[in-house]
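Excluded from the calculations below are hydrogen atoms, water molecules and symmetry mates; all remaining heavy atoms, backbone and side chain alike, are included.
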Amino acid sequence: VSPAALPSQVPPTSTGILPMDLREHQLQHELVALKHKQQLQRQLLIAEFQRQHEQLSRQHEAQLQEHIKHQQDLLALKHQQELLEHHRKMEQQRHEQLEKQQREQKLQQLKNKERGQESAVASTEVKMRLQEFVLNKKKALAQRNLNHCLPSDLRYWYGKTHHSSLDQSSPPQTALSAYNHPMLGTYDVKDDFPLRKTASEPNLKLRSRLKQKVAERRSSPLLLHSERCQNLQFLKSLNCFVFAIVGLAGLPLPSPTVSKLVRGHRPLGRTQSAPLPQQPCGQAQALQQLVVQQQHQQFLEKHKQLFQQQQQHLISKVLSQDYFYMDFAWWNLQVCALCWLVSVLHLFHVCPHVCFLWEQQTLLLEQQRIHQLRNYRASMEDSSLPGTLAGKRPLFRTQSSPASASLPMAVQESPVKHRFTTGLVYDSLMQKHQCICGNSTIHPEHAGRIQSIWSRLQETGLRAHCEVIRGRKASPEELQTVHSEAHVQLYGTNPLRQRLDCKTCSVNPVFVRLPCGGIGVDSDTIWNEVHSSSAARLAVGSVVELVFKVASGELKNGFAVVRPPGHHAEESTPMGFCYFNSVAIAAKLLQQRLNVSKILIVDWDVHHGNGTQQAFYADPNVLYLSLHRYDDGNFFPGSGAPDEVGSGAGVGFNVNVAFTGGLEPPMADAEYLAAFRTVVMPIAKEFAPDMVLVSSGFDAVDGHAPPLGGYKVTSKCFGYLTRQLMDLAGGRLVLALEGGHDLTAICDASEACISALLGNELEPIPEEVLQQRPNANAVSSLEKVMETHSKYWRSLQRSASTLCCSLSEALQHDVEEAETVSAMASLSVANNPFVQIVTQVYFTALQTEPLHPDSAL
């Protein structure tokens, strides 16, 4: 075969094999490419996994470091607290040891004192025991000598011992102990037990302690009840003591029915009704003495009953008086006791010099009581408060029952006239609503909120320019205008019907045990069994009082510095630090008592006021308008969507400006001013309210953490918003404090709002805020509100065109629009001959014949 012939033979063979190789080669190439692609994807996944793993590792390490730092801080704080507690215990032990040593030294001095040595002044207990010993000894001597003959010598009728006064501060003991009590039989001084006076406190200490007790009694109404009980015990002990002395000494008490018998009767030496020993020489005399003794015993029983009745009447009069007048009752009690003792001593001509001293002391006490009463009246007149005793002081209760029926009718005083200015209401009793754990730093809603605001108002002088009114507790009937009866009984009564102990908390699901050790209705809302109900009712009553005074024209406007807040409290559910809805209750009472037809409630707390919305959801006479953080229902309390517009007749009267988008970026002054400009004020002006109430929570102010707010609104912005609301309802505007937990933020915001209410000149809005447009999230939220409510309120259609504009651009747009409208109106009237002819004919008809009031053009 020649080489030239080979190529001609190969092609036919290769033409059949070549496509197979190409396909295999192509498949192998695709397989290699696919494997390469898989390797690349795997490498990318591994790289992404490593990147995410490193990122999570860094985050975990940062969190771990933060946790370790937090634990170290807690351990350091705990160690510091333990050190403080240890120092306190050591100091207390040292103080107790020092007191114990002092008592032992004092006792040792008393033990080592000579028997003939006397102390300065004896204590009351020693005096009483000494008197009791003397009386018992005289009783024993009289009992032993009952069967003996009565001696005729007068020296046996009176003892030889003289019991001197032991304390100048106890007048009844002095007067009775100075008198040598008559007794039967002989009495020897040697039979006396050798008692000695013991050391006691000097009179100066007693007087200072008395002044301190009086001051404490005036400052705390809780102490007055115990003081009143002590006064009643003093009455009873005085009665028993005097009758014991009189009965033992045989002194009859004065009475008009037996005046002749008293003048001719000699004091008996005993009061027993046993027959006298018979003597052969004096049967008639003994019988006569027995008859006189029986008559005297009957007289004592009758007069004792009469005195007890008078005592009960005096006690009932003391009980029927207000707590404030217990001081005067105590003065009257002392004066009456002294007068009664002086009259007894005068009747029997006993110790004239003692009677004179007691008369002088009685007169001195009476003068001191009158002087104190005059000073009190003068101080009340200077402070323009109704404090005279002729009219009742407006305490939480007025008259007791049923003793009040016997009291004279109180003179009604003229109502207090307030300055026509901004009113303030505040009561320090609301600060007692505290968790029983005692640690206010872990509870956002604490007493320092209102205390800081009130201190700021005093420091800045705003309080002096306002009229401070007195708050009160809301009645159960007022609370039930919004809340159920069971809710009012459970949270509005004090003490609770169900005791709050560990067993109750586990059985009753209403209350829970908080992590701090306290008690609450949920994880945030604390409950204090002693003070929470009173504080909540006082907050409601204070808001109601201020609202009514503004609505009736006594005050121009007002600001209520109250706690706990109320706009989260629903009909039967407390939540979000709230128990009773103060603003909603005030609005209900305005409708019921003053017949206010249209009420606007603006709620600018960062949390939606679910309780207020629930109370007026179907009421067309109350427009509820809330600006709050919503975040599609992911922010507390989760209610307040834009499509919640009301129900029934109240459709369209529930407007929720629900901001969404979280904190990227947070809402600030530009967004709130835009909401007021485009939604709040147009709807409010179209509604034309008769009264404006504001649930004024300041947790949207810059300074609150994201869980409690997170927005960046300045405190001055709320002053601008307040100034805009003052243009409604003739200026009848009341702000009630709701939320806000950063002390500096709420103090600044309260100061700005009250300055606006007073009409003070506000600082101009910063230029950057004037030029700033609302962010996209705010514009989207406001568009939803306007789309939902444009069919209910026509004014929203006009303001929709300036929604995306800044405040300065919107103002310029309004000015240009007003100028355009006025120019078009002037041109249409000047250039239209038909309008000129109709106008001329109309004014000619008015000049010739006035139109009837009911006629139509």
Please report the C-alpha distance between Ser533 and Trp527 in whole Å, then the side-chain angles of each, then the deciding distance to 0.1 Å, and finally whether the side-chain contact (heavy atoms from CB on, under 4.5 Å) criterion is met. CA-CA 9 Å; Ser533 61; Trp527 176 259; 4.0 Å; yes
Nearest heavy-atom approach of Asn528 to Lys432 is ND2-O, 4.1 Å
Are Glu82 and His86 close enough, and set up right, to give a side-chain contact (heavy atoms from CB on, under 4.5 Å), and what steps lead you there? CA-CA 6 Å; Glu82 290 178 353; His86 179 69; over 6 Å; no
Contact summary for Arg449 and Leu743, nearest pair of heavy atoms: CA-CD2, 3.9 Å
Flag side-chain contact, heavy atom, 4.5 Å: Gln108 against Gln105: no
How many angstroms lie between atom CG of Leu429 and atom NZ of Lys473, to the nearest 0.5 angstrom? 8.0 Å
Under a plain distance cut-off of 3.5 Å, with no hydrogens placed, do Glu91 and His95 share a side-chain donor-acceptor pair? no
First locate atom CD of Gln102, then atom CG of Leu98, and finally report the distance between them rounded to the nearest 0.5 Å. 4.5 Å
Between Ile442 and Cys516 the two heavy atoms that sit nearest each other are CD1-CB, 3.4 Å
Applying the side-chain contact (heavy atoms from CB on, under 4.5 Å) criterion to His446, which one of His433, Gln434, Gln431 satisfies it? Gln434
Output the distance between atom NE2 (His79) and atom CG (Leu84), rounded to the nearest 0.5 Å. 10.0 Å
Any chance you could measure Arg563, atom CZ, to Ser542, atom OG, to the nearest 0.5 Å? 13.0 Å
Should Leu514 and Ile526 be marked as a side-chain contact (heavy atoms from CB on, under 4.5 Å) after you check the CA-CA gap, both sets of side-chain angles, and the distance that decides it? CA-CA 8 Å; Leu514 301 179; Ile526 63 101; 3.6 Å; yes
Looking only at heavy atoms, what is the nearest atom pair of His443 and Cys437, with distance? NE2-SG, 3.5 Å
Which pair of non-hydrogen atoms, one from Gly518 and one from Arg513, has the smallest distance, and what is that distance? O-CD, 3.3 Å
So, taking the atom named CD1 in Ile453 and the one named CD in Gln451, what distance separates them when rounded to the nearest 0.5 Å? 11.0 Å
Flag yes if more than 12 heavy atoms outside Gln80 fall under 6.0 Å of its CD atom; otherwise flag no. no
Nearest 0.5 Å, please: how far is NZ in Lys137 from CG in Leu141? 6.0 Å
Is Lys100 paired with Glu96 through a side-chain N to carboxylate O contact shorter than 4.0 Å? no
Min side-chain heavy-atom separation Trp454-Val468 under 4.5 Å: yes
Close side-chain approach of Tyr426 to Ile450, heavy-atom, < 4.5 Å: yes
